[in-house]
*Asks:* 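Can you read through this structure? Questions will come right after.
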Amino acid sequence: KFINFLPPQRVHSFLQVLNNCIPFFEYKGQVKPSEPNLGTRSKSQSFRKTLDMKEKLEDIIRGTNSARSDLINRRKEGTAVGEKLRFRKDQMFYRTSQGASETRPDSSLTQSKYEETDSIYIAGSLSTEISLIILDSLEIIIQVASTSEVHHTLLGSVLKVLLHQLSRNQSLTALINLFSSQRSFVTKFHNLLFDEESDNCADLCLLLLKHCGSSISTIRSQAAGSLYCLMRQNFEFYGNNFSRVKMLITISLSSLVGGSTFDKTFNEVCLRRALKTILVYAEEERLDLQETSFPEQVKDLLFNLHMILS
């Protein structure tokens with residue numbers, strides 16, 4: 001692959017370009033297209049039509065604007081004998097073309113509404129595609145860096161870009177793939193994440209907790225699985241506890257609840273459901289971990305988190 005022949009400085013510059021592209025192609029969501037003045041316009045037209053009908057009905061009841069009075073008036077005016085004087089139905093108020101046109105929807109407004117809807121879907125698809133391209137590029141660099149000592153120092157920059165992607169709004173498809181790559185990275189290079197001099201682990205804990213509070217069940221379950229994987233990797237890294245991750249998760253949740261990093265998509269009820277999912281993971285863990293103190297430590301952490309939410 002061509003990355004093998006590039007110096008680390010060039011690859012690092014390429015990672016910076018990818019990182020700068022993330023905010024420009026952020027997913028905006030499926031926003032409902034606006035319909036300017038359609039409701040007001042239809043209401044005003046309906047109200048005006050009601051008044052016109054009322055006036056015409058009153059004239060008919062009084063006999064001032066009926067077909068009979070119209071025929072009599074035309075005879076008094078000396079209308080020609082050869083002309084048909086019976087009823088000019090095409091001129092009656094219930095036959096007017098204006099009334100029919102008022103009920104017909106405005107084609108230009110309808111077309112603009114459809115064009116706006118199409119542009120929203122196109123923007124969402126483009127955002128998802130760009131996110132997946134960036135993720136594929138990161139995976140290629142990870143493969144090269146894991147086998148090349150020269151490029152091994154790039155893994156820290158790759159993690160920064162990955163965390164940046166997780167911090168931005170993403171589509172469901174992009175998030176599922178992002179969580180998968182994140183779990184793979186934690187499994188392969190957990191020493192980079194658990195370095196005490198780095199803030200990467202703290203940033204990851206905060207992002208995962210935010211996604212655990214998502215109202216979308218798929219995102220919630222993916223984030224809960226990633227958070228549980230982080231606990232387990234930290235437990236295996238230190239041997240008998242995951243005190244560092246436990247502390248960082250507690251601090252992150254306190255900041256979320258306290259409002260210092262408040263997110264409008266964060267939902268405490270959804271977060272409690274995600275914590276329950278993590279508890280199920282701990283209870284169904286493989287036998288070698290069931291015999292350790294890991295499940296009990298997970299339960300203690302979840303109890304403390306519930307207390308913070310209360």
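Treat the numbers as computed from the prediction; the structure is a model and nothing was measured.
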*Asks:* Distance check, rounded to the nearest 0.5 Å: Arg168 atom CZ versus Leu207 atom CG?
*Replies:*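 Answer rounded to 0.5 Å: 11.5 Å.
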*Asks:* Which atom names give the shortest non-hydrogen contact between Cys201 and Arg244, and what distance separates them?
*Replies:* CB-NH2, 4.3 Å
*Asks:* How would you list, by chain and number, every residue that makes a side chain to side chain donor-acceptor pair (under 3.5 Å) with Thr128, sequence neighbours excluded?
*Replies:*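 Per chain and number, Thr128 pairs via side chain to side chain donor-acceptor pair (under 3.5 Å) with Ser171.
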*Asks:* Decide if atom CD of Glu129 counts as having more than 12 heavy atoms of other residues, nucleotides or ligands within a radius under 6.0 Å.
*Replies:*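 Counting neighbours around CD of Glu129, 12 or fewer heavy atoms of other residues, nucleotides or ligands fall under 6.0 Å, so no.
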*Asks:* Arg273 and Val269: side-chain contact (heavy atoms from CB on, under 4.5 Å), yes or no, with the steps?
*Replies:* CA-CA 7 Å; Arg273 294 176 183 174; Val269 177; 4.1 Å; yes
*Asks:* Please report the shortest heavy-atom distance between Ser214 and Cys270, naming the atom on each side.
*Replies:*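 Heavy-atom minimum between the residues: O-CB, 3.3 Å.
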*Asks:* For Ile3 and Phe14, run side-chain contact (heavy atoms from CB on, under 4.5 Å): C-alpha distance rounded to whole Å, both residues' side-chain angles, the deciding distance at 0.1 Å, then the answer.
*Replies:* CA-CA 10 Å; Ile3 295 182; Phe14 176 62; 5.5 Å; no
*Asks:* Are Leu289 and Tyr238 connected, step by step, through hydrophobic side chains (Ile, Leu, Val, Met, Phe, Trp, Tyr) whose heavy atoms are closer than 4.5 Å?
*Replies:* yes
*Asks:* Roughly how far, to the nearest 0.5 Å, is CG of Leu227 from SG of Cys205?
*Replies:* 6.5 Å
*Asks:* Might you point out which heavy atoms bring Val11 and Leu6 nearest each other, and give the distance in Å?
*Replies:*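 Closest pair (atom of Val11, atom of Leu6, distance): CG2-CB, 3.9 Å.
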*Asks:* Less than 3.5 Å apart, any donor N or O on the side chain of Ser127 or Glu26 sitting next to an acceptor on the other?
*Replies:* no
*Asks:* Centres of the Phe179 and His211 rings: under 6.0 Å?
*Replies:* yes
*Asks:* Can a donor-acceptor pair be found between the side chains of Asn200 and Lys160 at a distance below 3.5 Å?
*Replies:* yes
*Asks:* Please report the interatomic distance CZ(Phe185) to OG(Ser180), rounded to the nearest 0.5 Å.
*Replies:* 14.0 Å
*Asks:* Could you grab the distance from atom OH of Tyr27 to atom OG of Ser131, nearest 0.5 Å is fine?
*Replies:*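 Interatomic distance, Tyr27 OH to Ser131 OG, rounded to 0.5 Å: 10.5 Å.
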*Asks:* At what distance, to the nearest 0.5 angstrom, does CD1 of Ile22 lie from OG of Ser167?
*Replies:* 7.5 Å
*Asks:* Cut-off 3.5 Å, side chains only: do Arg183 and Ser226 have a donor facing an acceptor?
*Replies:* yes
*Asks:* Hey, could you give me the CG/CG distance between Leu305 and Leu309, rounded to the nearest 0.5 Å?
*Replies:* 7.0 Å
*Asks:* Which of these, Leu208, Leu163, Leu193, sits in a side chain to side chain contact (heavy atoms under 4.5 Å, CB included) with Asp203?
*Replies:* Leu163
*Asks:* For Phe303, I'd like to know if atom CZ has over 12 heavy atoms of other residues, nucleotides or ligands within 6.0 Å.
*Replies:*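 No.
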*Asks:* Tell me if the centroids of the rings in Phe242 and Phe294 come within less than 6.0 Å of each other.
*Replies:* yes
*Asks:* Which heavy atom in Pro295 sits nearest to a heavy atom in Gln290, and how many Å separate them?
*Replies:*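 Result for this residue pair: CG-OE1, 3.7 Å.
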*Asks:* The test is side-chain contact (heavy atoms from CB on, under 4.5 Å); show your working for Phe189 and Val158 and say whether it passes.
*Replies:* CA-CA 11 Å; Phe189 312 106; Val158 171; over 6 Å; no
*Asks:* Pairing donors with acceptors under 3.5 angstrom, does anything connect the side chains of Tyr228 and Glu285?
*Replies:*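 Distance-only check passes for Tyr228 and Glu285.
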*Asks:* So if you build clusters from Ile, Leu, Val, Met, Phe, Trp, Tyr with side-chain heavy-atom gaps below 4.5 Å, do Phe24 and Leu135 land together?
*Replies:*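 Yes, Phe24 connects to Leu135 through the hydrophobic network.
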